[in-house]
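Naming convention: chains lettered A, B, ... in sequence-line order (proteins, then strands); numbering from 1 in each chain. Since this is a predicted model, take the numbers as computed values, not measurements.
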2 protein chains.
Amino acid sequence: MKEIDQGAEHNTVKERILKEALRLFSEKGFEGTSLQAIADAVGIQKPSLIYHFPSKENLRQNVVESLIVYWKNELPRMLTTSQDDSNRLVSTMTSLVNFFMEDVNRARLVVREMIDRPEETFSVLNEHVSPWTRLIGDYLRMGQQGGIYKKDVDPNAYIVQVMVMVVGTVAMGTVISGMVSASTDISHGPLIKELVRIVQASLYADKK
Amino acid sequence: MKEIDQGAEHNTVKERILKEALRLFSEKGFEGTSLQAIADAVGIQKPSLIYHFPSKENLRQNVVESLIVYWKNELPRMLTTSQDDSNRLVSTMTSLVNFFMEDVNRARLVVREMIDRPEETFSVLNEHVSPWTRLIGDYLRMGQQGGIYKKDVDPNAYIVQVMVMVVGTVAMGTVISGMVSASTDISHGPLIKELVRIVQASLYADKK
DNA sequence: GCTCAAGCCTACCAGATGATAGGCAAGTAT
DNA sequence: ATACTTGCCTATCATCTGGTAGGCTTGAGC
């Protein structure tokens, strides 16, 4: 019975720990979060935490891995979902935005990992994500030859920039909004709409 | 004599502390950096640190303020430097990129502050930067009416997105590059070139 | 019934942390 | 010369950190 629930139930202690750790790591950072704080958030004692995850570092790796697993399952689905070639790229990007918007903590954790552990994160991205982005790159180059996309687009750099915008907008968009408006609660809506516009306008060739 | 040097000399203990603190805060984060580590980097003892900056929090504020001061001096200069209206926006952005590229730690610290203290950073940006970005906003709206810029550009959101790209590219660009290439040392060059291209291509109206 | 492992607990540890107290040397002012 | 300030030091503090040792309870297997 216990083995049947494994993975399906969303309330096992282990999953609650991962959930609270993700939240606290992304809000306060890895170094800024104590095991005590996580234990308190879950409602257990510190040694019980250590029982499930033998060290803080191990817990961090598991939190990160839980995000990677999600990606490895979802990315292929995103890339194959829309049959329509013309907006496959935009629909993939939209799925990506939705993934991060589902839980802003995901974007913030990714940003933190990239700044805290640049080399390590580089390797992780290269190993788990680059196979799929390479496909997008090929797709872009084909579109360029076919005249659909602007010829001065640098496919690789373009993909990186789109990623910077997606992650950056979700993680920092509302904060940077302080640069242009005093209202504290600028929703992500207009930012993402403009994000999509920029991504498209800078990609598609002008109609002659 | 001492008062004359004040601010001009770059080797006072206080300035060396600020420099090392900026570096360590941006590399390891605020919580991830101990006063001991800063003191060691400067070459003094921990209590001597406390002598100059009464608390760690006070030191953080001074580090952040040193960046803000730079901005408040440079932003007006950037905005007024190029007389040529047609590329004032791009030249301003280039100056901004150069400012961050001068020391990547600047961009990373800004990103960290935005994620660690969203509300506080929002207020800081709103107070010190928004007066200038409002000018850019007006400038964009005028250009839209004049037909120079695309009409579907959302000026405020556009400015925010450009900022997301600038800060994001410098702070995370080389890491995200792991998504498209295995070579560890992708320079910022191509990324920034593509950044400028995207910013321009998504702004200027198509020639009819 | 007995054994055993799982899951969580209390009690505790060594080390690091931010911060304080107080001393001391050098320079400046009176 | 004396008194005071500046800038740095050593010694020490209470607190918190990640992590360990070991005990209690529950439930399944035999």
Candidate list B:Val170, B:Val175, B:Thr169, B:Leu195, test side chain to side chain contact (heavy atoms under 4.5 Å, CB included), partner A:Val164, passing option: B:Thr169
Interatomic distance, B:Glu57 CD vs C:dG18 P [rounded to whole Å]: 12 Å
Nucleic acid contacts - residues 40-52 of chain B versus DNA chain D, non-hydrogen atoms under 4.0 Å: B:Ile44, B:Gln45, B:Pro47, B:Ser48, B:Tyr51, B:His52
Under 3.5 Å: donor-acceptor pair, side chain of B:Glu27, backbone of B:Asn105: no
Interatomic distance, A:Phe53 CZ vs C:dC8 C1' [rounded to whole Å]: 15 Å
Residues, nucleotides or ligands: over 12 heavy atoms within 6.0 Å of B:Glu65 CD: no
Selection: residues 17-35 of chain A, any non-hydrogen atom under 4.0 Å of DNA chain D: A:Thr33, A:Ser34, A:Leu35
Terminal helix-axis angle for the helix from C:dG1-D:dC30 to C:dT30-D:dA1, with five pairs defining each axis and rounding to 10 degrees: 10°
Within 45° cone of A:Tyr204 ring axis and under 6.0 Å: A:Lys150 NZ or CZ: no
Distance under 6.0 Å and angle within 45° of ring axis: B:Arg117 vs B:Phe30: yes
Donor-acceptor pair between B:Gln36 and B:Asp40 side chains, under 3.5 angstrom: yes
B:Lys19, NZ: over 12 other non-hydrogen atoms inside 6.0 angstrom: no
Lys NZ or Arg CZ of B:Arg108 over B:Phe25 ring: under 6.0 Å, within 45°: no
Test: A:Lys14 cationic atom under 6.0 Å from A:Phe53 six-membered ring centre, within 45° of axis: yes
CD (A:Glu74) with more than 12 external heavy atoms under 6.0 Å: yes
